[in-house]
Every structure is written in structure tokens, then in C-alpha cells.
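Not measured: the values here are computed from a predicted model. Note: hydrogens, waters and symmetry copies are ignored here, and every other heavy atom, side chains too, is used. We name chains A, B, ... by the order of the sequence lines, and we start the count at 1 in each one.
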There are 2 protein chains.
Amino acid sequence: MNDQSPVMELVHVLRAVTVEFDLLGAEFAARHGLHPTDVRALIHLLDAARQDIPATPGWLGRQMRLNSAGTTALVDRLERLELVRRTKDTVDRRRVLLEVEEKATELGWSFFGPVIAEVVAVAEGFDTGELETVRSFLTAVLHSTQQARAT
Amino acid sequence: MNDQSPVMELVHVLRAVTVEFDLLGAEFAARHGLHPTDVRALIHLLDAARQDIPATPGWLGRQMRLNSAGTTALVDRLERLELVRRTKDTVDRRRVLLEVEEKATELGWSFFGPVIAEVVAVAEGFDTGELETVRSFLTAVLHSTQQARAT
DNA sequence: GCGTAATATCTCGCTCACCGAGATTATCGC
DNA sequence: GCGATAATCTCGGTGAGCGAGATATTACGC
């Protein structure tokens, strides 16, 4: 397993991309006067909205690995920034549903927009089959990592 | 640019991988009684050592987007944990060099070991050309993102 | 060379994100 | 109904990271 093997290079570049995306999020956060955590939360919330998964403080806290106190504080911040709205669940009235405001989706797009544009630009240089290879490789890494973490 | 386009799926899976790696780092940190920031710093320091880049507090702070006060506190923590050692640069005596201890490399391997094993396992299902495609795609995304961030 | 600007690091005081413990309110099984 | 369980929030405390500024060393203009 030397440093020059193709697989090791993949590991390095994957890690580098992760670091880079983190920094991107941190700088976006700083530029908009919020915290990296808020951006991460926003991503989870928009993702949930996109997939019609009901978002609650408890769910968000689990995604973020925050305890309930930290989660409450996080939701308080997001609500104060008018990015989400707390509404009571009419079915189970212990629960609070988090609804993302218009402002949040706008912010989300202003974050992802440039990233998407870059990936699109890069993708120009690859044909459909190659892109499919990349996608399936990353999906496999994702699933294998998720599974390893669950252990 | 609808949600089902191959490129959009790539963006989503890339983001998911990033989130997953973050959580991995956070859980590794928690398990070893350190903070996610410390793990990130460790990654940068090991990376620097691997590439023979001299690591100083200033350099580390720039990598992490921390100000000098935060950087000093970070290095203090790492030194207290015996992961790095401060040594004065004999050439430029304003500078402090950060040397990673044995303990740090061990910790680094215990973090990356499982990740590498997973990527290796996933890579089994792909031939050399495909892996090269993935590598060059990710490298392109990395460079384009780095450049966009520098702007 | 000599004063001044620039650079690297550190100190101090402070804010606030997050944690642990526990309170509160709502639901469910019996 | 009643205890057990679940979802959320409150309170107090810890510490990571910031802004401002101090200190020490080096580079530059004259």
C-alpha cells in the first residue's frame, strides 16, 4: 500500500475534496454571518424538504450529532435568522416540525449554485459513461462508509 | 437543471460523501477525547509531514481559517496531548516549527486505516481505467473548487 | 548602520456553541 | 386512569474561537 498506488491517490483526493468543501461551507457561513454548524443544518433541512422527510428538532439533532440542548440552541438561531419556522405537529403534539422559509432555499441556492456550476463545468470534459462510473464509485464509497460508521 | 440529471446526482453524492466524512471525523474525535478541529488539524499536519512542507502555527492557522489566538489555543491543545512538539526555527527565529510526534501518526493511521480499507474494497469492483477516470474527475473538481474559493 | 515597516507568535478578555442534568408536556400500552 | 416512554426545552457550566493588542524577530529604505 504505497503512496503512489492509484487507490491511495483516490483516498487523498477524496480527503482533499472533503476538506475543501468544509472550507467552502465555513467561508460561506462567515460571509453571511452564520456559523458552519448553521450551514450544515441548512443542508440537512433542505435535503429533507427535497425528499419530503419531515424535519423535527430531534431528527436534525441526530443528523448533526448534537444533544437536545445544542439542537434547541441551533433551531433558536435558525428561527431568529428567519430560515426556519417551528410549527406543532397536529398528529403527535409532542413533536415540532421545522419548515424551511423561502429565505433558506434562496440561501441554499446561493451556496450550491457556484458549486454546481463548477461540477457542471468539470463534467463537460467527461462522457456519460465516465460520469456514471464516477457516480457509482462515489455511491459505493458513501454506502460503505455509512455502514462502517453505523457499526 | 432538474434533479434527475446525471450531473445533479453527482453533486448530491459528492455532498453526501463530504457530510459522511465529517461525521466520521467527529465520531473519531469523540471516541478519542478530542475535538473535530483537532482531527482536522492532525490531517493537515500529517499531510504537511508527508509532503515535507514545514508546518508552523501560522501555516496551520491559514489552512484551518483560524485567527492567531485560536491557532495558539489549538497548538496548545495538540501539544498537551503530545501530538505535536513546538521547536524554534533556527533560520528565522520568529518562527515556530510544529513537529508531529509518533503518537500523532499512529492516531492518523487508526483514523485513515478503516477508510482506506473501505475505498480499497470498493475499488476492487472497478478496473484501472475506471479508477483513473474517478481520480481525474475528483482532481478536476478539487482544483476548480480551490480556485473558486481563492477568488 | 538605523529607524520603521512587516511578519510570526502569543496573551488577555470576552462571546457563544455545545454539553450534562433535569424539567415539562404529550402519547401509548396496560 | 396511570406509569412508562418520547420529544422538546431550560438551566448552569465549560471551553473553542474571536478581536485587540503586546512582544520579538527580520526585511527594507535611506
Show your reasoning for whether side-chain contact (heavy atoms from CB on, under 4.5 Å) applies to A:Leu98 and A:Trp59. CA-CA 10 Å; A:Leu98 302 177; A:Trp59 175 87; over 6 Å; no

Stepwise, does the side-chain contact (heavy atoms from CB on, under 4.5 Å) test hold for B:Met64 with B:Arg40? CA-CA 8 Å; B:Met64 310 272 302; B:Arg40 286 178 51 213; 4.0 Å; yes

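Counting distance only, with no hydrogens placed and no angle test, the side-chain atoms of A:Arg94 and the base atoms of D:dT8 include no donor-acceptor pair under 3.5 Å.
The CZ-P distance, from A:Arg80 to D:dC9, rounds to 13 Å in whole Å. Atom CG of B:Leu81 and atom P of D:dA16 are 10 Å apart (whole Å). Taking atom CZ of A:Arg40 as the reference point, atom C1' of C:dA17 lies 12 Å away to the nearest angstrom. For the pair A:Lys88 NZ and C:dT24 C1', the interatomic distance rounds to 12 Å; values are reported in whole Å. Remark: C1' of C:dT11 and CG of B:Asp76 are 11 Å apart, rounded to the nearest angstrom.
Here the nucleotide nearest the side chain of B:Asp92, chosen from D:dC9, D:dA16, D:dT25, is D:dT25. In this structure, of C:dT27, C:dC18, C:dA8, it is C:dT27 that holds the atom nearest to the side chain of A:Arg93. If you check C:dA8, D:dA7, D:dC9 against the side chain of A:Arg86, the one that comes closest is D:dC9.
Checked by atom type, the side-chain pair B:Thr145/A:Glu118 shows a donor-acceptor distance below 3.5 Å.
Residue A:Val115 is grouped with residue A:Leu142 when hydrophobic side chains (ILVMFWY) are merged at heavy-atom distances under 4.5 angstrom, including chains of intermediate members. Hydrophobic cluster membership differs between A:Val39 and B:Leu23, with clusters built from Ile, Leu, Val, Met, Phe, Trp and Tyr side chains linked at under 4.5 angstrom.
One axis for each end of the helix from C:dG1-D:dC30 to C:dC30-D:dG1, each built from five base pairs, and the angle between them comes to 30° at 10° resolution.
Comparing A:His35 and B:Val75 along DNA chain C, the residue whose closest nucleotide (by nearest heavy atom) sits nearer the 5' end is B:Val75.
Residue contacts for B:Val91: at a heavy-atom cut-off of 4.0 Å it reaches the sugar-phosphate backbone alone, with no base atom in range.
Salt bridge annotation for B:Asp89-B:Arg94: absent, with no cationic side-chain nitrogen under 4.0 angstrom from a carboxylate oxygen. Contact check on B:Glu132 versus B:Arg135 returns a salt bridge, with a Lys/Arg side-chain nitrogen under 4.0 Å from an Asp/Glu carboxylate oxygen.
Residues from residues 51-74 of chain A placing a heavy atom under 4.0 Å of any atom in DNA chain D, listed by number, are A:Thr56, A:Pro57, A:Gly58, A:Ser68, A:Ala69, A:Thr72.
Remark: of the listed residues A:Glu79, A:Glu99, A:Glu101, A:Glu79 is the sole one forming a salt bridge (charged side-chain N to carboxylate O under 4.0 Å, His left out) with A:Arg86.
Between B:Phe126 and A:Phe137, the ring planes lie perpendicular to each other; the angle is over 60°, past the 30° to 60° tilted range.
Regarding contacts with the backbone of C:dC18, a side-chain N or O of A:Arg77 is found under 4.0 angstrom from either OP1 or OP2.
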